[in-house]
Amino acid sequence: MGFTPPTPARSPVPLLPPMSTPSCVTRFAPSPSGHLHVGGARTALFCWAYAKGKGGTFLLRIEDTDQKRSSDSASVGFLKDLAWLGIGWDEGPVLGTHGGGAHGPYFQSERLDIYNRYLAQLVEAGKAYYAFDTTAELDAKRQAAKLAGHAYRYDRSEMANLPKATVDAWLAEGHPAVIRCKTPDGPITIVDEVLGEATLPAGEVDDFVIRKADGFPTYHFAVVVDDELMRVTHVLRAQEHFNNTAKHMVLQDALGFRRPIYGHLPLITNPDASKMSKRDKDKVLRKTVIDRKLTAPPQDTITQARFDAWLADKNTQLELAEASLLATGLQVTLPEINVDDFRQSGYLPEVLCNFLALNGWSPGENVEKFDTEFLKQRFDLKRVVKTPAKFDRVKLLSFNCDAITGMPREEFVARARLHGQEFHADFMKKITGAQFEQLAGASHERSKTLDEMFRTNRFFIVADELLTWDRSKNVEKALLGAEPNGLSHLKAVLPVLEACTEWSAAAIEQAITPYAAQHAEGNLGKVAQPLRIAVSGGTVSPPIFDTLAILGKASALVRIRRCIATFGG
RNA sequence: GGCCCCAUCGUCUAGCCUGGUCUAGGACACCUCCCUUUCACGGAGGUAACAGGGGUUCAAAUCCCCUUGGGGUCACCA
C-alpha cells in the first residue's frame with residue numbers, strides 16, 4: 001500500500017471563501033469534567049494569545065463525548081473561570097459577550113450527525129471498518145501482550161476482512177460494534193513547532209477506535225472533524241497529546257482534510273514532579289486525618305458513613321465541596337489546583353495569567369512582569385520551552401503580593417470588598433462600610449492576597465465579650481514579663497484612652513506616644529504590643545492605632561478591661 | 001517493557017539554532033545585615049547550575065555520539 005508519510009499541507013484548500021477565513025484560528029477544547037485546571041488555563045491562555053496576537057480567532061469547544069463524565073454544569077464552571085481570567089473567546093458556547101459563531105454547535109454531543117456522516121464516508125471508502133471484539137477479549141489480549149513483554153497492537157486480520165454481508169447481519173442482530181480506522185502501514189512524521197520533528201516507526205499506530213459502541217465518536221475522530229470544520233489553523237495543546245497527533249494525521253489524510261500546525265506545550269506539575277490533580281486535595285486531607293488519628297469527621301462537615309467509606313478506600317475521592325468542608329473543619333488549607341481555587345485564595349486573575357505564562361514560556365531580556373496585552377503581542381511558539389515546569393506557588397504568591405502592594409489603595413479596597421462579599425459574607429455583615437474601608441486601607445500594604453485580611457483579622461468581628469486570648473509564649477512574655485510589664489502598661493494607658501475625646505488613629509497616637517515617652521523610655525512597642533494583644537487576642541494585627549480606631553472606643557475599652565481581668569489585675 | 005521527547009542555580013528561566021562577548025544573566029526561595037509598635041513591606045550584600053563520559057574544534061553550556069536521569073504515551077478517557 002502506497003502510504004506516504006504525511007507532511008504539513010503547504011497550500012490548504014479553504015472550505016470557506018478566503019475573505020471569511022482568518023489567518024489564524026486556535027481553539028481550546030476541554031472536556032467538562034469539573035473546574036478549569038491551571039494547566040488547562042495555561043493552554044487556553046497561550047491559544048488565546050497566539051490567535052489574538054495575529055488578529056485571528058480563538059474558539060472554545062466542549063469535548064463532551066464521554067457520556068459518563070460530562071455534565072452541563074461542569075462546562076459552565078470553567079466558562080466562568082476563563083472569563084474571570086480575562087481570556088475571552090470569539091466563538092463557542094455563549095457566556096455574556098463571549099462565544100457565538102457560525103461554526104457550531106460547539107458542544108460535541110450536539111454534533112453526532114456530522115460525525116456520522118464522515119464515519120459513513122470512511123467505512124464506505126474502506127478506510128474504516130466495524131469491529132465486534134468484546135472488551136473482555138481485548139483486555140485478555142492486552143494482558144497477554146504485557147506478560148509476553150511487548151506492546152499490544154490491535155490485530156486487524158479478523159475484523160477488517162469480514163464480508164459485508166456478515167457485518168450487516170451482525171449489525172442487524174444488534175451486536176455491539178465499534179468502528180476502527182484502517183491505519184495505513186508506514187512511519188509517520190509529526191512536525192511540531194515546539195518539539196521539532198519526530199518520526200514514529202511503522203506499526204506504532206494501530207487501528208484505533210473512532211466510534212464507540214454507544215454511537216459517540218472517540219476524541220480522536222471528533223477532534224479531527226471539528227478542527228477541520230471550524231477551520232482551525234493552529235493546534236496548541238498539552239504535550240500529553242503529542243503521540244495522538246499521529247492518529248489525527250492518519251484521519252486527516254483519510255478524510256482529505258487540511259493539516260493544522262501543531263504545537264505541544266510542556267506540562268505543568270507539582271513541585272515533586274507529580275501530576276497536579278484534585279487528588280492532591282484528598283492526599284492532604286488523608287494525611288491530616290491519619291496523623292491526628294481521627295476516627296470521625298469534625299462536626300458539620302461530612303457524614304460518618306461518607307468519612308468511613310472515604311478513609312477505607314484510597315481511591316475514593318471526595319467531591320470538591322466535601323473536601324473544602326472537611327478542610328475547614330480540620331483547619332487545613334488545601335492546595336490550589338483549579339483556577340477557582342486560586343480565585344478563592346485571593347489571587348488576582350492578571351497575576352495568575354502572568355505567572356502561568358512564565359511556566360513554559362518567557363519573553364527573554366529578563367522581563368518577567370507583563371500583562372496579557374504584552375503576552376498577546378510577544379507570544380510565539382519558538383520561545384516555548386520543551387521541559388515540564390514545576391508549579392511554584394511561592395513565587396506566584398510573591399508576584400501577587402507585588403501586584404497588590406503596587407495597586408492604588410482605592411483599587412485594593414474595592415477589589416477586597418468584592419472578594420469579601422463573595423467569600424466572606426459573614427465577615428462583611430458584621431462590619432460597617434466605613435470600618436471595612438479603614439481595615440482594608442490598613443491591610444493594603446501587608447496583603448499578599450485579597451483573602452489574607454479576612455483570615456487574619458477575624459478578631460474584629462467577634463463579640464467583645466467572646467474574645468479569647470492565646471496563651472502562647474509571646475503573649476505571656478508581652479503581658480507578664482518583668483516589671484513594668486505589659487499588664488501594668490495596660491492598666492496605666494486605660495485612663496489615657498478613656499480620656500480620648502476623638503477616636504481616630506491619629507488622635508490615639510497623640511495620646512499614647514507621650515505615655516510611651518514617659519513610661520516606656522520612648523519604646524512604643526512596650527505599649528503597643530500589650531494593647532494589640534488585649535484587643536485582638538493575639539500578637540498580629542494591623543498597626544495598633546488603626547486597629548484601635550477601627551474597633552471603636554467602646555469595643556477597645558471593653559476588651560482591654562477584660563484582658564486585664566483575665567490575666568490577673 | 002515498546003515507542004517518542006527532554007536535560008542550565010532548590011524552583012521558573014536567559015543564553016544554545018548562527019561555538020569565542022559566559023570568571024553563565026534575571027526572578028522566586030534561602031542566608032547575613034539594615035529598617036521596624038506586631039505581622040508584613042522595603043533596602044544592602046551573599047550562597048547557588050551548564051547531569052556524566054567521549055569526540056569535533058585554536059576555542060563548546062552552545063555541534064556530534066554514548067551513558068545516566070526525567071517526562072509523555074501505549075483505552076470503546078479526553
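Labels below follow one simple rule: chain letters A, B, ... track the order of the sequence lines, proteins then strands, and each chain is numbered from 1.
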Ring geometry between A/Phe567 and A/Trp469 (parallel below 30°, tilted from 30 to 60°, perpendicular above 60°): perpendicular

Any donor-acceptor N or O pair under 3.5 Å, side chains A/Ser274, A/Asp272: yes

Integer-rounded Å distance: B/U37 P and A/Leu479 CG: 19 Å

Distance under 6.0 Å and angle within 45° of ring axis: A/Lys146 vs A/Tyr152: no

Side-chain N,O (A/Arg180) to OP1/OP2 (B/A75) below 4.0 Å: no

Touch class at under 4.0 angstrom, heavy-atom based, for A/Asn244 against every strand present: base

Side-chain-base donor-acceptor pair under 3.5 Å for A/Asp392 and B/A29: no

Where the chi angle of B/C64 falls, syn if within 90° of 0 and anti if not: anti

Sugar-phosphate, base or nothing in reach of A/Leu396, heavy atoms under 4.0 Å: nothing

Closest to side chain of A/Ala213, choosing from B/U38, B/C76, B/A78: B/C76

Show every donor-acceptor pair shorter than 3.5 Å between a side-chain atom in residues 528-541 of chain A and any protein atom, with sequence neighbours excluded, or say none if there are none.
residue  : atom : partner  : partner atom : Å
A/Gln529 : OE1  : A/Arg532 : NE           : 2.8
A/Gln529 : NE2  : A/Thr539 : O            : 3.4
A/Arg532 : NH1  : A/Ser541 : OG           : 2.8
A/Arg532 : NH1  : A/Pro542 : O            : 3.0
A/Ser536 : OG   : A/Arg532 : O            : 2.7
A/Ser536 : OG   : A/Gly538 : N            : 3.1
A/Ser536 : OG   : A/Gly538 : O            : 3.0
A/Ser541 : OG   : A/Thr547 : OG1          : 3.2

Nucleotide B/U38, atom C1' - distance to CZ of A/Phe459 in whole Å: 11 Å

Inter-nucleotide P distance (B/G42, B/C28), Å rounded: 9 Å

Stacked cation flag A/Arg378 on A/Phe370, 6.0 angstrom / 45 deg: no

Sugar-phosphate only, base, or nothing, as touched by A/His220 at under 4.0 Å among non-hydrogen atoms: base

P spacing across the pair B/G45 / B/G26, given as an integer number of angstrom: 12 Å

Cationic N near anionic O, under 4.0 Å, A/Glu204 to A/Arg153: yes

Sugar-phosphate only, base, or nothing, as touched by A/Asp133 at under 4.0 Å among non-hydrogen atoms: base

Short side-chain N/O contact to B/C74 OP1/OP2 from A/Arg142, under 4.0 Å: no

Pairwise ring-ring contact (aromatic ring centres under 6.0 Å, His included) hits with a residue in residues 509-537 of chain A, at least two apart: A/His489-A/Tyr515, A/Tyr515-A/His519

Where protein sits on nucleotides 18-27 of chain B, one letter per nucleotide: B base, S sugar-phosphate only, - none, heavy atoms under 4.0 Å: -------BBB

Sugar-phosphate only, base, or nothing, as touched by A/Gly203 at under 4.0 Å among non-hydrogen atoms: nothing

Separation of the P atoms in B/C77 and B/A14, to the nearest angstrom: 38 Å

side-chain N/O A/Thr135 vs B/A75 OP1/OP2, d < 4.0 Å: no

A/Arg142 NZ/CZ over A/Tyr154 ring centroid, <6.0 Å and within 45° of normal: no

Touch class at under 4.0 angstrom, heavy-atom based, for A/Pro542 against every strand present: base

Pairwise C1' distance, B/A60 and B/G55 [rounded to whole Å]: 12 Å

Ring geometry between A/Phe399 and A/Phe355 (parallel below 30°, tilted from 30 to 60°, perpendicular above 60°): perpendicular

Sugar-phosphate only, base, or nothing, as touched by A/Arg237 at under 4.0 Å among non-hydrogen atoms: nothing

A/Asp451: salt bridge (charged side-chain N to carboxylate O under 4.0 Å, His left out) partners, not counting sequence neighbours: A/Arg455

Sugar-phosphate only, base, or nothing, as touched by A/Arg61 at under 4.0 Å among non-hydrogen atoms: nothing

B/U11 to B/C30 separation - P atoms, rounded to the nearest Å: 15 Å

Residue A/Leu358, side-chain heavy atoms: nucleotide from B/U37, B/C12, B/U73 that is nearest: B/C12

Between A/Asp64 and A/Ser109, a side-chain donor and acceptor under 3.5 Å: yes

A/Glu509 vs A/Ala131, nearer the 5' end of RNA chain B by closest nucleotide: A/Glu509

Same-atom distance (P) from B/A27 to B/C74, integer angstrom: 41 Å

A/Gln529, nearest nucleotide to its side chain (from B/A14, B/U11, B/U37): B/U37

Inter-nucleotide P distance (B/U13, B/G53), Å rounded: 26 Å

Any side-chain donor near an acceptor of the partner, A/Tyr115 and A/Asp226, under 3.5 Å: yes

Nearest-nucleotide pick for A/Val540, side chain only, options being B/C12, B/C77, B/U38: B/U38

Spacing of the C1' atoms in B/C22 and B/U62 (rounded, Å): 11 Å

d(OH, A/Tyr515; P, B/U37) in whole Å: 17 Å

Residues A/Tyr129 and A/Asp207: side-chain donor-acceptor under 3.5 angstrom: yes

Minimum-distance pair of heavy atoms, taken over all atoms of A/Lys278 and A/Ile337: N-CG2, 4.1 Å

Sugar-phosphate, base or nothing in reach of A/Val178, heavy atoms under 4.0 Å: base

Sugar-phosphate, base or nothing in reach of A/Val385, heavy atoms under 4.0 Å: sugar-phosphate

Pairing partner of B/C77 (Watson-Crick or G-U wobble, both distances under 3.5 Å): none

Parallel, tilted or perpendicular, as decided by the 30° and 60° cut-offs, for the rings of A/His220 and A/His248: tilted

Extract from the structure each pairing of a protein N or O with an N or O of nucleotides 40-45 of chain B at less than 3.5 Å, listing the distance.
residue : atom : partner  : partner atom : Å
B/C41   : OP1  : A/Lys448 : NZ           : 3.3

Base versus backbone protein contacts along nucleotides 2-8 of chain B [heavy-atom cut-off under 4.0 Å; B, S, -]: BSSSSS-

Sugar-phosphate, base or nothing in reach of A/Pro543, heavy atoms under 4.0 Å: base

